[in-house]
**Student:** 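Here it is, the structure, as structure tokens.
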Amino acid sequence: MARKKKEVGVCELCEREKVEITVHHLTPKEMGGTFMPNATLCIPCHKQIHALYTNEHLATELNTISQLKKERKMAAFIKWIRKQPATRIPVIKKSNERKKRKK
């Protein structure tokens with residue numbers, strides 16, 4: 001089985017260059033976003049978004065790059081991740097708020 005080639009580019013959220021990128025559906029697929037706009041994000045930013053917010057919240061409140069950049073928790077993460085080397089992929093854990101909601 002052939003491995004998928006890793007794509008390298010610029011993260012639309014943190015704007016770091018030469019990072020491994022993934023496709024983020026700005027409106028989650030399960031909320032009807034399959035054919036809606038996407039964003040190209042580095043792995044840490046993509047993981048952080050899903051660790052902090054539910055798909056419902058992303059679909060209704062944070063479905064653009066500018067909204068994500070303005071959100072307080074993401075803005076703090078972006079400020080931090082911009083200082084990290086492009087090769088670093090930190091461990092991302094669900095926020096305590098997300099853990100509590102799941103119960």
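Every heavy atom of this structure was used, including side-chain atoms; hydrogens, water molecules and symmetry mates were not. Heads up: numbering here begins at 1 and tracks the sequence.
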**Student:** Would you compute the distance between atom OG1 of T40 and atom CD of E7 and round it to the nearest 0.5 angstrom?
**Tutor:** 8.0 Å
**Student:** How far apart are the closest heavy atoms of K18 and A86, and which atoms are they?
**Tutor:** O-CB, 3.5 Å
**Student:** Please tell me whether Y53 and E61 have a donor and an acceptor in their side chains that are separated by less than 3.5 angstrom.
**Tutor:** no
**Student:** Could you state the interatomic distance from SG (C14) to CD (Q48), rounded to the nearest 0.5 Å?
**Tutor:** 11.5 Å
**Student:** With L58, which of I49, L52, L26 fulfils side chain to side chain contact (heavy atoms under 4.5 Å, CB included)?
**Tutor:** I49
**Student:** Does K69, at its NZ atom, have more than 12 non-hydrogen atoms belonging to other residues, nucleotides or ligands within less than 6.0 Å?
**Tutor:** yes
**Student:** Start with the C-alpha gap between L62 and H57, add the side-chain angles, then the distance that decides, and say whether side-chain contact (heavy atoms from CB on, under 4.5 Å) holds.
**Tutor:** CA-CA 7 Å; L62 300 172; H57 189 73; 3.5 Å; yes
**Student:** Nearest 0.5 Å please: distance from the NZ atom of K73 over to the CD1 atom of I78.
**Tutor:** 14.0 Å
**Student:** Is I65 reachable from W80 through a run of I, L, V, M, F, W or Y residues, each pair having side-chain heavy atoms under 4.5 Å apart?
**Tutor:** yes
**Student:** Taking only residues at least two apart or on different chains, which pairs with a member in residues 76-87 satisfy salt bridge (charged side-chain N to carboxylate O under 4.0 Å, His left out)?
**Tutor:** E15-R82
**Student:** Using modelled atom types and a 3.5 Å cut-off, is there a donor and acceptor pairing between side-chain atoms of T22 and backbone atoms of L41?
**Tutor:** yes
**Student:** Answer with yes or no whether the hydrophobic clustering places V10 together with L68; edges join I, L, V, M, F, W, Y residues whose side-chain heavy atoms lie under 4.5 Å apart.
**Tutor:** no
**Student:** State the SG-CE distance between C45 and M74, to the nearest 0.5 angstrom.
**Tutor:** 5.0 Å
**Student:** Please round to the nearest 0.5 Å and tell me the distance separating atom CD of E56 and atom CD of E30.
**Tutor:** 6.5 Å
**Student:** Starting from I89, walk the hydrophobic network (Ile, Leu, Val, Met, Phe, Trp, Tyr; side-chain heavy atoms closer than 4.5 Å) and list everyone else you reach, by chain and number.
**Tutor:** I43
**Student:** With rounding to the nearest 0.5 Å, note down the distance linking CG in N63 to NE2 in H24.
**Tutor:** 9.0 Å
**Student:** Is the closest side-chain heavy-atom distance between C42 and Q84 below 4.5 Å?
**Tutor:** no
**Student:** Mind checking who shares a hydrophobic cluster with I21, ILVMFWY linked at side-chain heavy-atom distances under 4.5 Å?
**Tutor:** V19
